[in-house]
Protein chains: 2
Amino acid sequence: MDRKSISDVIENYLKSILGNDEQIEIRRSEIANHFDVVPSQINYVIKTRFTLQNGYLVQSKRGGGGYIRIERVKLLDDVDVLDMLIDAIGSSISENDAFDVIKTLYREKVISRREGDLMLVALSKHTLDMNDHNAENKLRARLLVAFLNRLRYES
Amino acid sequence: MDRKSISDVIENYLKSILGNDEQIEIRRSEIANHFDVVPSQINYVIKTRFTLQNGYLVQSKRGGGGYIRIERVKLLDDVDVLDMLIDAIGSSISENDAFDVIKTLYREKVISRREGDLMLVALSKHTLDMNDHNAENKLRARLLVAFLNRLRYES
DNA sequence: CATCATCTGACTAATACTGACCATTATGAT
DNA sequence: ATCATAATGGTCAGTATTAGTCAGATGATG
């Protein structure tokens with residue numbers, strides 16, 4: 001009785017060749033060939049099993065000599081604080097509220113002054129320069145959440 | 001593992017003969033011959049890997065005694081170079097070109113790894129998540145130029 | 001049988017490589 | 001001086017080689 005899907009098998013295979021290394025580089029078509037599945041299934045496996053939440057960072061390059069690189073990253077201690085903030089931000093946030101979040105991060109020593117300044121520049125109304133206030137606030141939320149997610153780990 | 005493209009090999013070769021020197025001069029046909037590729041591939045390698053975004057200035061001369069000169073430059077030290085860079089970015093920039101700029105800043109030790117990573121997520125296609133490709137590239141250019149100007153008036 | 005996970009393939013996007021044709025510069029003959 | 005020729009590098013469009021996306025089909029599970 002073999003309950004394991006081929007996706008599970010591929011997942012285990014990739015983890016086994018990752019072994020103790022920090023990262024591996026694979027050819028999508030090679031893996032797909034090896035397990036006799038369509039290439040896009042490799043994307044499916046990666047998307048469902050090698051997420052940031054699981055501690056993996058994935059990068060790729062197309063074209064000749066292309067590859068998919070899977071990297072293991074170390075999750076940090078501030079994860080709880082960051083998750084709470086991410087939850088509070090939701091899908092939209094004003095400039096002032098975003099600035100408050102940065103101040104909080106700085107006060108909690110999660111980020112340095114310089115890092116905070118760089119984030120502020122990116123979140124400012126002036127830089128985003130959009131007509132649609134609603135779209136601006138949504139974009140700002142995406143940027144801020146992306147920052148917070150990046151702070152969850154080190155590589 | 002023979003996964004690197006010949007362009008990658010040529011890139012590394014040029015960087016190795018550049019070494020610690022400020023600049024090198026090569027003959028296009030010689031390099032092409034050495035790696036058994038058509039001469040125009042050298043142009044391709046230079047165009048994709050030795051851009052100003054990558055921290056290189058390239059000049060050339062045709063005709064007898066012609067050459068291609070590759071010079072390593074620092075992006076922030078020299079006001080002229082920074083202005084050239086901002087000029088090259090213009091009002092629109094792709095994800096890859098923007099990433100190259102951040103990588104160069106990190107290589108020059110103008111920014112820390114973490115600062116670079118934070119900027120990278122802000123500039124990533126995934127974070128910006130816009131339907132309009134054109135609008136996305138314009139926003140990315142505003143963000144990147146804002147970062148550069150922030151760094152310029154600080155160091 | 002309802003729902004979620006898995007799997008597929010057609011279409012898209014990015015990168016690499018090639019060769020025909022073009023532009024520039026040096027040199028030597030007249 | 002002028003011009004022809006040789007010796008360089010540049011451009012661009014077309015082909016090849018990769019990976020990504022997404023909607024729909026299929027399978028597994030409660």
Side-chain angles (χ1 to χ4, degrees), chain A residues 1-14 24-51 53-54 57-71, chain B residues 1-14 24-51 53-54 57-71 93-100 124-134 136-137 140:
Chain A
M1 201 75 83
D2 188 7
R3 296 214 138 67
K4 287 199 166 180
S5 66
I6 186 69
S7 287
D8 289 334
V9 176
I10 295 170
E11 172 191 3
N12 289 330
Y13 173 74
L14 292 177
I24 54 171
E25 276 181 14
I26 59 170
R27 262 181 228 264
R28 186 177 78 153
S29 57
E30 268 182 13
I31 305 295
N33 245 315
H34 189 255
F35 292 100
D36 199 29
V37 296
V38 294
S40 61
Q41 175 136 12
I42 308 306
N43 296 87
Y44 174 73
V45 172
I46 285 173
K47 200 179 157 196
T48 53
R49 291 150 163 90
F50 291 87
T51 64
Q53 300 291 329
N54 290 328
L57 205 55
V58 178
Q59 294 168 305
S60 64
K61 194 165 99 170
R62 308 186 197 187
Y67 57 80
I68 297 177
R69 176 188 305 146
I70 301 176
E71 182 185 357
Chain B
M1 282 290 207
D2 185 18
R3 76 154 33 85
K4 285 201 165 182
S5 66
I6 186 70
S7 286
D8 289 335
V9 175
I10 295 171
E11 172 192 1
N12 289 329
Y13 173 74
L14 292 177
I24 53 170
E25 276 181 15
I26 59 170
R27 259 183 232 272
R28 185 178 79 154
S29 56
E30 267 182 14
I31 306 294
N33 244 315
H34 189 255
F35 291 101
D36 198 29
V37 297
V38 295
S40 60
Q41 176 136 14
I42 308 307
N43 297 87
Y44 174 74
V45 172
I46 286 173
K47 198 179 156 199
T48 52
R49 290 148 164 90
F50 291 88
T51 64
Q53 285 87 352
N54 291 123
L57 266 183
V58 177
Q59 294 166 307
S60 64
K61 197 168 91 170
R62 307 188 196 187
Y67 58 81
I68 298 177
R69 177 188 305 147
I70 301 176
E71 182 186 359
I93 188 171
S94 72
E95 184 181 52
N96 274 348
D97 284 349
F99 282 12
D100 283 343
S124 83
K125 186 187 206 68
H126 180 257
T127 300
L128 299 184
D129 189 28
M130 304 183 69
N131 291 325
D132 185 352
H133 226 221
N134 210 273
E136 175 194 317
N137 286 340
R140 182 177 294 112

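Fair warning: this is a prediction, and the values are worked out from it, not measured in the lab. Below, chains carry the letters A, B, ... as their sequence lines are ordered, and counting in each starts from 1.
- In this structure, N96(B) reaches the dT15(C) phosphate: one of its side-chain N or O atoms is under 4.0 Å from OP1 or OP2.
- Separating the CD atom of E30(B) from the P atom of dA7(D) is a distance of 15 Å, rounded to the nearest angstrom.
- dA14(C) atom P lies 15 Å from atom CG of D100(B), rounded to whole Å.
- Of all heavy-atom pairs between A32(B) and P39(B), the closest is CB-CA, 3.6 Å.
- The base of dG20(D) is not paired with the side chain of S40(A) by any donor and acceptor separated by under 3.5 Å.
- Rounded to whole Å, the distance from CD1 on I46(A) to P on dC22(D) is 16 Å.
- At a threshold of 4.0 angstrom between heavy atoms, the contacts of I42(A) with the nucleic acid are absent.
- Here the side chain of E95(B) pairs a donor or acceptor atom with the backbone of K125(B) at under 3.5 angstrom.
- Across the protein-nucleic acid pair, F50(A) atom CZ and dG20(D) atom C1' stand 18 Å apart, rounded to whole Å.
- Between K4(A) atom NZ and dT6(C) atom P there is a gap of 13 Å when expressed in whole angstrom units.
- The side chain of N43(A) sits closest to dT21(D) out of dG10(D), dT21(D), dT6(C).
- Contact between the side-chain N/O atoms of R27(B) and the OP1/OP2 oxygens of dT8(D) is found at a separation under 4.0 Å.
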Report the C-alpha separation of T51(A) and N54(A) in whole Å, then their side-chain angles, then the decisive distance to 0.1 Å, and conclude whether the side chain to side chain donor-acceptor pair (under 3.5 Å) test is met.
CA-CA 5 Å; T51(A) 64; N54(A) 290 328; 3.2 Å; yes
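- Nucleotides of DNA chain D nearest to I68(B) and Q59(A) differ in position, and the one nearer the 5' end is that of I68(B).
- If you find the closest nucleotide of DNA chain C to D8(B) and to G65(B), the one lying nearer the 5' end belongs to D8(B).
- Comparing atom distances between the I6(A) side chain and each of dT18(C), dC7(C), dT8(C) picks out dC7(C) as nearest.
- If you measure from atom CD of E11(A) to atom C1' of dC7(C), you get 16 Å, rounded to the nearest angstrom.
- Note on ring orientation: taking the six-membered ring where Trp is involved, the planes of Y13(B) and H34(B) are parallel (angle under 30°, cut-offs 30° and 60°).
- Atom OH in Y67(A) sits roughly 9 Å away from atom P in dA16(C) (whole-Å rounding).
- In this structure, of dT8(C), dT18(C), dA16(C), it is dA16(C) that holds the atom nearest to the side chain of S5(B).
- Taking only side-chain nitrogens and oxygens, Y44(B) never comes nearer than 4.0 Å to OP1 or OP2 of dC17(C).
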If you apply the rule side chain to side chain donor-acceptor pair (under 3.5 Å), what do you find for N33(A) with R27(A), and how did you get there? CA-CA 10 Å; N33(A) 245 315; R27(A) 262 181 228 264; over 6 Å; no
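- Base engagement by G63(B) is indicated by at least one non-hydrogen atom pair under 4.0 Å involving a base atom.
- Note on R49(B): a side-chain N or O is less than 4.0 Å away from OP1 or OP2 of dA16(C).
- On a pure distance criterion of 3.5 Å, a polar donor-acceptor pair joins the side chain of R28(A) and the base of dG20(D).
- If you check dG10(D), dC7(C), dT8(D) against the side chain of S29(B), the one that comes closest is dT8(D).
- The side chain of K61(B) places no N or O atom within less than 4.0 Å of a non-bridging phosphate oxygen (OP1 or OP2) of dA7(D).
- Of the side-chain N and O atoms in Q41(A), none sit less than 4.0 angstrom from OP1 or OP2 of dT6(C).
- Going from atom CZ of R62(B) over to atom C1' of dT11(D) covers 9 Å, rounded to whole Å.
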Apply the test salt bridge (Lys or Arg N to Asp or Glu O under 4.0 Å) to residues D100(B) and R49(B): give CA-CA distance (whole Å), side-chain angles for both, the deciding distance (0.1 Å), then the verdict.
CA-CA 9 Å; D100(B) 283 343; R49(B) 290 148 164 90; over 6 Å; no
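- In this structure, S7(B) reaches the dC17(C) phosphate: one of its side-chain N or O atoms is under 4.0 Å from OP1 or OP2.
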